[in-house]
Amino acid sequence: MRTAISQLELLRPRTLAEALAAMSAANGARPTPIAGGTDLFVYLNAGQLAATRYLDLSRLSGLRGIRPGLAGVTIGATTTFAAIRAQADIARRLPSLARAASEIGAWQIQERATIGGNIANASPAGDSLPVLLAHDALVHVCSVRGERTLPMNELYVDYRKLSLAPDELIVAVTLPWPPPRAFAFFRKVGTRRAQSISKVVFAGLLRRGRDRAFDHVRLAWGSMAAVTKRAGAAEHALLGTRGTAADRARARAALDADLSPIDDIRSDAPYRLEVAGNLLEQCLRAEAMR
Ligand SMILES: Cc1cc2nc3c(=O)[nH]c(=O)nc-3n(C[C@H](O)[C@H](O)[C@H](O)COP(=O)(O)OP(=O)(O)OC[C@H]3O[C@@H](n4cnc5c(N)ncnc54)[C@H](O)[C@@H]3O)c2cc1C
């Protein structure tokens, strides 16, 4: 049933401690965090959310902002994609993240949508997620028990299920700067060139050693399984090779073992698998020609 917005309760903490205390309430009384609201409001407006208590994260200034450091960059959970898209260090050193940020929805969405919301929403089509996986991102979460850090590739356990306790908030994500000379690639394929939800989304990060063989390979896909995931068999097939046509063919064939796309309203499984292979080929060819 559609819920009148006026019947909803909104908690507006000013400090992280207040927010975490609210999250530590018993089941039923625990509020649902709301950041940009771009995912939540769709369901709220359709009357599909049972929750009536919400926790507004927008006043927690410590959760917002981009902090570049020597080893990498830490991005607060409520940082918007508009801010990420515009940040100079990110544009220069993490071009795939800048690109993903600039292809999420339209500008209006990018002004509100946050990176923490994208991670927590856990859609297999979330566009920043393959980039975070390909860059070995670390996700920082907090509860009244303290802070802990999880590698991005341990965050998703099943369709829209995160390995977080119900009272934990995502507070930030850290991306290490890519290794020197690494090549980064991002491509989203949707129904049209802009403003569409991904049928397939891919991020790759590759580096060659002195002998020209690949010594660092990360290949991550969205919309190709119940969760955004790295393609371990394809990565393994490329590691230590020079990416010849035969190496590329072996990696592409390995994708069958890595990915398990479904048929849904946006696309079907055979098409998705074909596109995933094409994107891998495109990435490897672009890397070889740079
Ligand atoms: C028109 C439109 C177009 C869109 N296009 C795209 C697109 O192209 N690509 C894409 O990836 N997404 C797209 N989205 C989805 C959405 O914009 C993103 O997933 C966005 O990043 C969500 O962030 P938010 O801050 O708005 O999250 P919210 O809606 O505020 O929250 C989303 C979920 O995350 C939880 N949450 C939020 N922050 C935290 C936190 N810090 N800790 C714990 N839980 C938290 C909330 O409880 C909720 O369950 C689109 C949405 C719309 C409406």
Side-chain angles (χ1 to χ4, degrees), residues 8 10-11 13 16 19-20 22-24 30-46 48-65 75-85 96-97 99-133 139-143 147-148 150 155-156 160-173 186-203 221-223 228 266:
L8 303 178
L10 185 66
L11 310 179
L16 181 59
L20 297 179
M23 289 297 288
S24 72
R30 179 176 301 118
T32 301
I34 180 161
T38 58
D39 276 311
L40 274 182
F41 262 86
V42 174
Y43 298 108
L44 204 55
N45 191 42
Q48 290 171 356
L49 289 182
T52 55
R53 296 191 89 202
Y54 291 87
L55 182 75
D56 176 12
L57 304 180
S58 67
R59 293 183 176 190
L60 306 177
S61 55
L63 261 59
R64 195 169 44 247
I75 305 172
T78 61
T79 307
T80 63
F81 286 111
I84 292 171
R85 190 188 70 208
S96 293
L97 183 62
R99 178 117 184 247
S102 68
E103 293 192 23
I104 287 180
W107 282 7
Q108 293 91 330
I109 292 291
Q110 291 163 24
E111 289 291 340
R112 289 205 62 88
T114 67
I115 193 161
N118 208 231
I119 296 170
N121 191 49
S123 162
D127 286 321
S128 74
L129 310 181
V131 178
L132 300 179
L133 267 177
V139 179
H140 309 287
V141 303
C142 259
S143 70
E147 179 166 347
R148 66 187 183 108
L150 290 94
L155 189 65
Y156 299 118
R160 296 209 167 202
K161 283 212 168 64
L162 292 87
S163 54
L164 297 189
D167 64 342
E168 282 180 319
L169 279 179
I170 297 171
V171 291
V173 57
F186 172 83
R187 176 97 196 262
K188 159 177 174 167
V189 174
T191 311
R192 54 190 181 196
R193 186 68 194 86
Q195 295 188 42
S196 59
I197 303 292
S198 294
K199 291 171 187 253
V200 181
V201 51
F202 167 68
W221 268 272
S223 290
T228 305
R266 282 198 286 279

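Remember, it's 1-based here, ligands and their atoms both numbered in the order they're listed. The first residue of the sequence shown is numbered 1, and numbering continues consecutively from there.
When Thr78, Ile170, Leu57 are checked for heavy-atom proximity to atom 39 (C) of ligand 1, Leu57 turns out nearest. If you check each of Val42, Asp127, Asn118 against atom 12 (N) of ligand 1, the one with the closest non-hydrogen atom is Asn118. Looking at Thr38, Leu129, Thr32, Asp56, it is Thr38 that brings a heavy atom closest to atom 51 (C) of ligand 1. The heavy atom nearest to atom 30 (O) of ligand 1, out of those in Ala35, Ala19, Gly190, Gly76, is found in Ala35. With Cys142, Ser123, Gly105 as candidates, the residue nearest to atom 4 (C) of ligand 1 on a non-hydrogen basis is Gly105.
Distance from atom 28 (P) of ligand 1 to its nearest protein heavy atom, with residue and atom name: Gly37 N, 3.5 Å. Asp39 CB, 3.8 Å is the protein heavy atom nearest to atom 32 (C) of ligand 1. Counting only heavy atoms of the protein, atom 48 (C) of ligand 1 lies nearest to Leu40 CG, 3.8 Å. Among protein heavy atoms, the minimum distance from atom 27 (O) of ligand 1 is reached at Gly117 CA, 3.6 Å. Looking only at heavy atoms of the protein, atom 46 (C) of ligand 1 is closest to Pro33 O, 3.1 Å. Among protein heavy atoms, atom 2 (C) of ligand 1 sits closest to Ile109 CD1, 3.6 Å. The protein heavy-atom contact nearest to atom 35 (C) of ligand 1 is Ala120 CB, 3.6 Å.
Using a 4.0 Å cutoff on heavy atoms, Ala122 does not count as a contact of ligand 1. Using 4.0 Å as the threshold, Phe81 has a heavy atom nearer than that to some atom of ligand 1.
Identified under the salt bridge (Lys or Arg N to Asp or Glu O under 4.0 Å) test for residues 48-57, with sequence neighbours left out: Glu9-Arg53, Arg12-Asp56.
With sequence neighbours left out, the side-chain hydrogen bond (donor to acceptor under 3.5 Å, both in side chains) criterion links Arg99 to Glu103.
Within ligand 1, the atoms closer than 4.0 Å to a non-hydrogen atom of Ala77 are 41 (N), numbered from 1 in the order shown. Less than 4.0 angstrom separates some heavy atom of Ile34 from each of these atoms of ligand 1: 30 (O). Close approach of ligand 1 to Glu103 (heavy-atom distance below 4.0 Å) involves ligand atoms 8 (O). Near Gly126, meaning under 4.0 Å from one of its heavy atoms, ligand 1 places the atoms 11 (O). Taking a cut-off of under 4.0 Å to the non-hydrogen atoms of Ser196, the atoms of ligand 1 that pass are 8 (O). Short contacts between ligand 1 and Lys188, defined as distances under 4.0 Å to a heavy atom of the residue, involve ligand atoms 7 (C), 8 (O). Interface atoms of ligand 1 facing Asn121, defined by a heavy-atom separation under 4.0 Å, are 34 (O).
Residues Thr114 and Leu57 form no side-chain contact, since every pair of their non-hydrogen atoms from C-beta on lies 4.5 Å or further apart.
Within a 4.0 Å radius of atom 14 (N) of ligand 1, the protein contributes no non-hydrogen atoms.
Ligand 1 has a nitrogen or oxygen under 3.5 angstrom from a nitrogen or oxygen of Thr114. Considering backbone and side-chain atoms alike, Gly36 places an N or O below 3.5 Å from some N or O of ligand 1.
Within the 3.5 Å criterion, the main-chain N or O of Leu63 finds a donor-acceptor partner in the side chain of Thr78. Of the possible polar contacts, one joining the Asn118 side chain to the Ser128 backbone as a donor-acceptor pair under 3.5 Å is found. No donor-acceptor pair under 3.5 Å is formed between the side chain of Thr80 and the backbone N or O of Arg112. Between the side chain of Arg30 and the backbone N or O of Met23, at least one donor-acceptor pair lies under 3.5 Å.
With a 4.0 Å heavy-atom cut-off, ligand 1 is reached by the side chain of Ile197 but not by its N, CA, C or O. The residue Ser128 has no part lying near ligand 1, judged by heavy-atom distances below 4.0 Å. Contact annotation: for Met23 versus ligand 1, there are no heavy atoms closer than 4.0 Å.
Under the side chain to side chain contact (heavy atoms under 4.5 Å, CB included) test applied with Arg266, the options Thr191, Ile197, Val200 reduce to a single match, Ile197.
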